[in-house]
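Below, chains carry the letters A, B, ... as their sequence lines are ordered, and counting in each starts from 1.
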Amino acid sequence: MRLTKSFYERNAVLVARELPGKRLVRCLNGERLSGTIVECEAYRQDDTACHAHRGMTQRNAVMFGPPGQTYVYFVYGMHFLLNIVAEQKGHAAAVLIRAIEPREGIETMQKLRGGGKVGKLLTGGPARLTQALAIDKSLNGTNLMDSDVLWVEENEATIADTDIACGPRIGIGYAAEPDLLAPWRFWVRGNPCVSR
DNA sequence: CGCCAGATCCACT
DNA sequence: GTGGATCTGGCGG
């Protein structure tokens, strides 16, 4: 069953805490590629690590829109990163998906990644998973509640609260001290696909 | 192993 | 013009 708007419209930190264990599904040429979300991070409007903290721009506009849409952006000249917009329209917030554990379509993901990669090297890392799932800027603004190419659904197995760990976010050295230290990264304790 | 630079584009200043 | 919510391969210890 797909996650609904009521899941995404809450505080991004709460959404990020509950996304690990859910299943990210990408339908590519009729094939289901999917994996369990095992690592993600929350970003909020008044957060110096967040792209939206200086206000709306062409790039981050979707973060200011309604929840449950994707925010896909390009960094470092070669990587796409996948976020899910959270909170209500007008409150810019999103959750960066940092790692998944592959479930379906693993061979296709390996081809998309250039072959031979397994475990953490296949889908552990925000740019690795987008490459494995063929997610690029053309999917920016996708509505996860009604898209037929990308969505998030419940998994058959859930993760116990005690197996969710949290800590500071990765790669935000430019942020101010309190934001740098905020424990807004959540991951499945001990999962081999977590990026680090 | 770990460290570090290069890759390579585009939105924002 | 600058630098980034990253990854990879090459080099040195």
Side-chain angles (χ1 to χ4, degrees), chain A residues 8 11-17 19-20 24 35 37-65 67 69-87 91-102 109-142 144 150 152 165-188 191-196:
Chain A
Y8 300 114
N11 184 307
V13 178
L14 193 53
V15 174
R17 183 182 297 145
L19 272 174
L24 178 66
I37 296 171
V38 296
E39 181 185 359
C40 62
E41 293 175 354
Y43 289 84
R44 308 219 320 132
Q45 184 153 1
D46 295 321
D47 162 12
T48 53
C50 180
H51 290 167
H53 93 276
R54 286 173 197 261
M56 183 158 54
T57 64
Q58 191 166 25
R59 179 174 68 158
N60 66 26
V62 55
M63 263 206 277
F64 289 80
Q69 300 192 257
T70 58
Y71 168 45
V72 180
Y73 75 94
F74 184 75
V75 268
Y76 297 123
M78 44 174 55
H79 299 303
F80 295 101
L81 271 58
L82 171 67
N83 296 252
I84 298 176
V85 175
E87 308 196 14
H91 294 246
V95 177
L96 170 69
I97 308 301
R98 288 194 53 91
I100 64 172
E101 180 176 339
M109 293 188 208
Q110 287 173 326
K111 281 180 196 153
L112 287 164
R113 288 276 296 129
K117 299 192 175 66
V118 296
K120 182 177 301 192
L121 289 178
L122 183 61
T123 54
R128 290 180 179 143
L129 80 88
T130 55
Q131 190 180 21
L133 298 178
I135 291 169
D136 64 20
K137 212 177 154 191
S138 70
L139 292 176
N140 186 39
T142 300
L144 299 176
L150 187 66
V152 183
C166 69
R169 295 167 292 177
I170 306 281
I172 55 164
Y174 54 85
E177 182 99 334
D179 300 323
L180 199 59
L181 300 176
W184 289 358
R185 170 177 175 244
F186 298 91
W187 68 93
V188 178
N191 186 284
C193 294
V194 171
S195 65
R196 49 177 116 165

Tell me yes or no: between the side chains of A/Y43 and A/E41, is some donor less than 3.5 Å from an acceptor? yes
Would you kindly give the [atom1]-to-[atom2] distance between [X] and [N], to the nearest whole Å?
| X | N | atom1 | atom2 | value |
| --- | --- | --- | --- | --- |
| A/H51 | C/dG3 | NE2 | C1' | 11 Å |
| A/Y174 | B/dT13 | OH | C1' | 16 Å |
| A/F74 | C/dG3 | CZ | C1' | 13 Å |
| A/I170 | C/dC7 | CD1 | C1' | 14 Å |

Would you say whether A/Y43 stacks on C/dA5? The test is a distance between ring centres of less than 5.5 Å and an angle between planes of less than 30°. yes
Determine the Euclidean distance between corresponding P atoms of B/dA5 and C/dG3; express it in Å to zero decimal places. 16 Å
If you find the nucleotide of DNA chain B closest to A/H79 and the one closest to A/R54, which residue's nucleotide is nearer the 5' end? A/H79
Looking at [X], does any N or O in its side chain come under 4.0 Å of the phosphate oxygens OP1/OP2 on [N]?
| X | N | result |
| --- | --- | --- |
| A/R59 | B/dT13 | no |
| A/R98 | C/dT6 | yes |
| A/R113 | C/dC7 | no |
| A/K120 | C/dC7 | no |

Parallel, tilted or perpendicular: ring planes of A/Y73 versus A/Y71, cut at 30 and 60 degrees: parallel
Separation of A/R113 CZ from A/L129 CG (nearest 0.5 Å): 9.5 Å
I want to verify a distance call: between C/dA5, C/dT8, B/dA7, whose nearest atom is closest to the A/M78 side chain? B/dA7
Could you check whether any side-chain heavy atom of A/Y8 comes within less than 4.5 Å of a side-chain heavy atom of A/Q69, counting everything from C-beta outward? no
